[in-house]
Undergrad: 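Just passing along the structure, written as structure tokens.
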Amino acid sequence: MMGHSNCHDLLTSLSDYIDGELDSALCMELEQHLKECKNCRIVVDTLKKTVELYQHEDESQTLPEDVRTRLFYRLNLRDFLK
Amino acid sequence: MNEINLTSDTISLDLLKNGDRAEFAKLVEAYSGQIYKLALRILENQRDAEDVLQETFLKAYRSIANFEGRSSLATWLYRIATNEALMIVRKRKPELSLEIEGQDDHEDAIVTPYHFTDWRFLPEKELQSSEAKQHMDQAVQRLPASLRAVFLLRDVEGLSVKETAEVLRISEGAVKTRLLRARLRLREDLSEYFGKALTENAG
Ligand SMILES: [Zn+2]
């Protein structure tokens with residue numbers, strides 16, 4: 001496991017940290033720790049990357065044509081099917 | 001949610017409340033793609049996702065008169081859809097219902113990191129391969145439903161912490177706790193997966 005006793009305590013701040021929402025005192029404490037702790041640095045970096053990968057995973061929001069048709073029929077909106 | 005807010009500007013709540021069908025068709029057109037995708041991600045089953053989609057707009061049509069406008073239309077629709085989807089999850093696995101209710105929102109349940117591989121600089125084509133995407137989807141499916149819903153709404157759909165809390169009717173603190181737990185679990189999962197690719201590349 002991570003070497004410092006700080007590592008586990010700081011874990012709860014990581015989400016706020018990568019969202020840029022951590023208050024400044026905790027942020028400084030965390031960044032000081034990151035300078036000294038390689039494992040925590042990797043955790044922060046790969047956590048950020050994980051979230052990024054999911055955010056960009058699939059941007060298309062189009063509904064399959066058959067699903068769309070059935071939806072409009074179910075809602076009695078077939079007049080509005082274009 | 002920028003594009004959602006843009007579309008909702010052109011939809012008249014007054015017309016919707018008067019039962020105007022053309023306006024309702026506009027609402028369906030604007031949000032059905034997002035609602036379907038969200039349901040599909042929560043349920044990983046096209047039939048169930050389609051049921052959720054239809055049920056969501058049927059309910060929306062029936063209850064739009066009572067919509068008070070305290071949240072945005074998008075948040076309101078997400079809430080109906082998420083509830084419908086989680087209901088199906090509960091029916092599938094009743095033993096998970098406790099977890100859905102969020103009885104375990106304390107820090108003890110946080111996964112302690114144990115993968116310390118820096119896989120960020122793998123070639124994009126490996127990070128974005130269809131195999132990797134499939135693995136990422138499966139990793140989300142392995143999350144408990146309570147964590148999955150928070151993660152999908154916040155990180156994939158891009159809702160704010162406040163909006164996610166409104167959709168799920170939980171506190172913002174609970175959203176943050178669950179989000180952290182979900183992200184850490186997914187990080188472990190992806191680290192294990194991409195870590196292997198890294199070793200293979202080196203060997
Ligand atoms: Zn550390």
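The shown structure was predicted, so the numbers you read here are calculated from the model rather than taken from an experiment. Chain naming here is simple, since letters A, B, ... match the order of the sequence lines and numbering starts at 1 in each.
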Undergrad: How far apart are the closest heavy atoms of A/H8 and B/T112, and which atoms are they?
TA: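 That closest heavy-atom pairing would be CD2-OG1, 4.1 Å.
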
Undergrad: Report yes or no: does A/Y54 contribute a side-chain atom to a donor-acceptor pair with the main-chain N or O of B/M136 at less than 3.5 Å?
TA: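 The answer is yes, because a donor-acceptor pair under 3.5 Å joins these two groups.
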
Undergrad: Quick one, B/R120 and A/K48 - any side-chain contact, counting heavy atoms below 4.5 Å?
TA: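 No, side chains not in contact.
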
Undergrad: Would you check if B/L127 and A/L53 make a side-chain contact, meaning some heavy-atom pair closer than 4.5 Å?
TA: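 In short, these two side chains touch, coming nearer than 4.5 Å.
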
Undergrad: Using non-hydrogen atoms and a 4.5 Å limit, figure out which bit of B/Q46 sits close to chain A: side chain, backbone, both or neither.
TA: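 Neither the backbone nor the side chain of B/Q46 comes within 4.5 Å of chain A.
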
Undergrad: Name the region of A/L81, side chain, backbone, both or neither, that has any atom closer than 4.5 Å to a heavy atom of chain B.
TA: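 When you check distances to chain B, no heavy atom of A/L81 falls under 4.5 Å.
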
Undergrad: Could you tell me the separation between the CH2 atom of B/W119 and the CG atom of A/D45, rounded to the nearest 0.5 Å?
TA: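 Rounded to the nearest 0.5 Å, the CH2-CG separation comes to 10.0 Å.
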
Undergrad: Counting only heavy atoms closer than 4.5 Å, note whether B/L152 contacts chain A via side chain, backbone, both or neither.
TA: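 Contact with chain A: none, neither part.
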
Undergrad: With a 4.5 angstrom heavy-atom cut-off, which part of B/L190 approaches chain A: side chain, backbone, both or neither?
TA: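 For B/L190, the contact with chain A is made by the side chain alone.
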
Undergrad: Is there a side-chain contact between A/L77 and B/Y61 (heavy atoms, below 4.5 Å)?
TA: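 Not touching, per the 4.5 Å side-chain cut-off.
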
Undergrad: Taking everything shown except B/R47 itself, do over 12 heavy atoms lie less than 6.0 Å from its CZ?
TA: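 Open: at most 12 neighbouring heavy atoms sit under 6.0 Å from CZ of B/R47.
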
Undergrad: Taking B/R21 for its side chain and A/N76 for its backbone only, find out whether a donor-acceptor pair lies under 3.5 Å.
TA: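 Answer holds: yes.
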
Undergrad: At their closest point, which heavy atom of B/L180 faces which heavy atom of A/T12, and how far apart are they?
TA: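 Scanning both residues completely, I find the closest heavy atoms to be CD2-CA, 3.6 Å.
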
Undergrad: Around atom NZ of B/K162, are there more than 12 heavy atoms from other residues, nucleotides or ligands closer than 6.0 Å?
TA: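 Result for NZ/B/K162: open.
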
Undergrad: Answer whether the closest heavy-atom distance between the side chains of B/E29 and A/F72 falls below 4.5 Å.
TA: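 Side-chain contact under 4.5 Å: yes.
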
Undergrad: Which atoms of A/E21 come close to chain B, meaning under 4.5 Å heavy atom to heavy atom: side chain ones, backbone ones, both, or neither?
TA: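 A/E21 touches chain B through side-chain heavy atoms alone.
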
Undergrad: Report the residue from B/R183, B/R154, B/R181 that forms a side chain to side chain contact (heavy atoms under 4.5 Å, CB included) with A/S15.
TA: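 So the option named by the test is B/R183.
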
Undergrad: State, yes or no, whether a side-chain contact exists between B/P113 and A/N39 at a heavy-atom distance under 4.5 Å.
TA: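 No, too far: nothing below the 4.5 Å cut-off.
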
Undergrad: Starting at CG of B/L53, measure out to CZ of A/R74 and round the result to the nearest 0.5 Å.
TA: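 If I round to the nearest 0.5 Å, the distance is 10.5 Å.
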
Undergrad: Please report the closest heavy-atom contact between A/V43 and B/F116, naming both atoms and the distance.
TA: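 Minimum heavy-atom contact is CG2-CE2, 3.6 Å.
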
Undergrad: I want to check something: taking the side chain as every heavy atom from C-beta on, are B/D155 and A/Q55 in contact at a cut-off of under 4.5 Å?
TA: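 B/D155 reaches A/Q55 side chain to side chain.
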
Undergrad: How many angstroms lie between atom CG of A/L63 and atom CD of B/Q34, to the nearest 0.5 angstrom?
TA: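 The CG atom of A/L63 sits 11.0 Å away from the CD atom of B/Q34.
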
Undergrad: Going through the checks in order, is the side chain to side chain contact (heavy atoms under 4.5 Å, CB included) test met by A/L75 and B/L58?
TA: CA-CA 7 Å; A/L75 299 171; B/L58 284 172; 3.7 Å; yes

Undergrad: Salt bridge (Lys or Arg N to Asp or Glu O under 4.0 Å), that's the test. Do A/D19 and B/K176 meet it? Break it down for me.
TA: CA-CA 11 Å; A/D19 288 340; B/K176 287 188 169 193; over 6 Å; no

Undergrad: Using non-hydrogen atoms and a 4.5 Å limit, figure out which bit of A/R68 sits close to chain B: side chain, backbone, both or neither.
TA: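 Contact with chain B is through the side chain of A/R68 alone.
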
Undergrad: How close do A/L47 and B/L184 get, heavy atom to heavy atom, and via which atoms?
TA: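 Residues A/L47 and B/L184, closest heavy atoms: CD1-N, 4.0 Å.
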
Undergrad: Which one of A/I18, A/V51, A/L14, A/L71 has the most heavy-atom pairs closer than 4.5 Å to chain B?
TA: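 Among A/I18, A/V51, A/L14, A/L71, the one with the most close pairs to chain B is A/L71.
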
Undergrad: Does the side chain of B/R187 pick up a donor-acceptor pair with the side chain of A/T50 at under 3.5 Å?
TA: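 Judged by distance alone, the side chains do not pair up.
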
